Number of protein chains: 2
Amino acid sequence: MLSSACQDTIRAAVWLSTKPQDEYHHIQKISDALDLPYHFLAKSLQTLVHCNILISRRGANGGVKLAKASCDITLISLIEAVDGSTFFDACVLGIGDCEDEKPCALHAQWEKWRTEMHEMYSAMRLDEITDDVLLRKIKRL
Amino acid sequence: MLSSACQDTIRAAVWLSTKPQDEYHHIQKISDALDLPYHFLAKSLQTLVHCNILISRRGANGGVKLAKASCDITLISLIEAVDGSTFFDACVLGIGDCEDEKPCALHAQWEKWRTEMHEMYSAMRLDEITDDVLLRKIKRL
DNA sequence: CCTATTTAAGATTAAAAAATCTGAAATAAT
DNA sequence: ATTATTTCAGATTTTTTAATCTTAAATAGG
């Protein structure tokens with residue numbers, strides 16, 4: 001469903017959103033906190049830097065931070081940055097050019113879910129997740 | 001979302017459900033019709049034989065056929081046979097022991113979808129897909 | 001009984017995804 | 001300036017998944 005790189009990225013973004021926005025944080029610190037492989041996470045986070053979701057700074061006291069307030073970062077922007085939007089286009093039966101005009105047998109059913117998921121991911125913002133985490137004392141970023 | 005083996009299997013099952021139930025069909029014929037790799041498909045179909053969804057016969061005039069009427073075969077049985085039920089258990093953020101007591105940040109949202117999908121897959125039967133295919137002249141099995 | 005045919009099963013290879021490594025470039029602090 | 005730190009970028013390795021190959025076993029038909 002989501003690639004492991006994408007899962008890592010989301011967890012890292014949620015973690016960052018629980019910190020003051022203007023602080024830089026070492027990727028090493030994030031990977032330690034979330035128990036994720038450093039180099040693999042670093043690469044995914046670079047992608048977010050390129051998409052202007054994160055800002056990075058090299059060198060001593062460098063690190064990464066959110067480029068905007070967490071209420072302005074949608075989940076869909078993270079997912080599409082890392083995994084692309086193939087899931088939201090791709091046929092559930094793997095048929096290359098399955099489309100509305102030439103649908104596969106499951107096309108209609110899936111179209112509905114895909115739209116729902118896309119809407120939900122688009123509506124979901126980092127700050128909501130953070131609030132949820134703080135309120136319900138969820139420790140699993 | 002679904003492995004390619006699972007996609008192949010579903011397509012093959014739908015194809016078989018458009019044929020008389022008592023006829024054996026060569027796996028080669030199915031893989032030709034659906035343009036799928038023969039050996040890869042054969043292996044997935046073997047899994048269905050073990051799960052009593054298909055019956056196979058070796059030798060001349062052998063092949064595979066549905067073990068029961070297509071109205072008695074649910075989509076979920078195909079999916080779980082080939083891919084297992086990990087998708088319906090696994091955490092969307094990939095956290096090993098994410099559960100109701102120790103949920104991840106997206107747990108609640110996902111629980112809803114997972115349940116919906118599971119219900120939909122459980123409710124969806126091969127004959128419905130076939131009818132859909134015949135009615136709407138969908139040529140993409 | 002013999003042969004052509006076809007699935008069964010496991011081994012092998014290829015491709016894709018995930019994870020790691022290495023060296024370079026940038027930055028802050030001394 | 002020099003040094004320690006830390007991201008950047010691309011190469012490499014490992015693991016997983018997908019695809020193929022090979023041999024055996026079973027079956028129908030002559």
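From a predicted model like this one, the values you see are computed outputs, not experimental measurements. In what follows, every chain begins at residue 1, and chains take the letters A, B, ... in the order their sequences are listed.
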Contacts of B/E80 meeting side chain to side chain contact (heavy atoms under 4.5 Å, CB included) (sequence neighbours excluded), chain-then-number -> B/I76, B/S85, B/F88, B/H118
For B/A69, the side chain to side chain contact (heavy atoms under 4.5 Å, CB included) test, sequence neighbours excluded, returns B/Q21, B/C71, B/D72
Closer than 4.0 angstrom, basic N to acidic O: yes or no for B/E111 and B/R114? yes
B/L54 CG to C/dT6 P, in whole Å, measures 18 Å
Across all chains, not counting sequence neighbours, the side chain to side chain contact (heavy atoms under 4.5 Å, CB included) partners of A/A5 are A/S3, A/F40, A/S44, A/V82
Between CZ of B/F40 and P of C/dA16 the distance, given in whole Å, is 13 Å
Applying ring-ring contact (aromatic ring centres under 6.0 Å, His included) to A/Y38 and not counting sequence neighbours gives none
Between CG of B/L45 and P of C/dA9 the distance, given in whole Å, is 13 Å
Readout for nucleotides 22-30 of chain C: B = base within 4.0 Å of protein heavy atom, S = sugar-phosphate only, - = neither; 5' to 3' it is B--BBBSS-
- Query: Does a nitrogen or oxygen in the side chain of B/S56 sit under 4.0 Å from OP1 or OP2 of C/dA8?
  - Reply: yes
Residues pairing under side chain to side chain donor-acceptor pair (under 3.5 Å) where one sits in residues 48-59 of chain A, two or more places apart or in two chains, turn out to be none
To the nearest angstrom, the CG-P distance between A/L41 and C/dC21 comes to 16 Å
Rounded to whole Å, CD1 of A/I27 lies from C1' of C/dT20 at a distance of 15 Å
- Side-chain-base donor-acceptor pair under 3.5 Å for B/K43 and C/dT7: no
Students should find that the nucleotides of DNA chain D closing off the region near chain B, any atom under 4.0 angstrom from a heavy atom, are D/dA18 to D/dG29
Q. Is the NZ or CZ atom of B/K112 both under 6.0 Å from the centre of the six-membered ring of B/W110 and within 45° of that ring's axis?
A. no
- Query: Can you find a side chain N or O atom of B/Y38 that sits less than 4.0 Å from OP1 or OP2 on C/dT6?
  - Reply: no
Whole-Å distance, A/D35 CG to C/dA19 P, equals 12 Å
With sequence neighbours left out, the residues meeting ring-ring contact (aromatic ring centres under 6.0 Å, His included) with B/F87 are none
Hits for ring-ring contact (aromatic ring centres under 6.0 Å, His included) against B/H26, two or more places apart or cross-chain, chain-then-number order -> none
Rounded to whole Å, the CD-C1' distance (B/Q28 to C/dA4) equals 15 Å
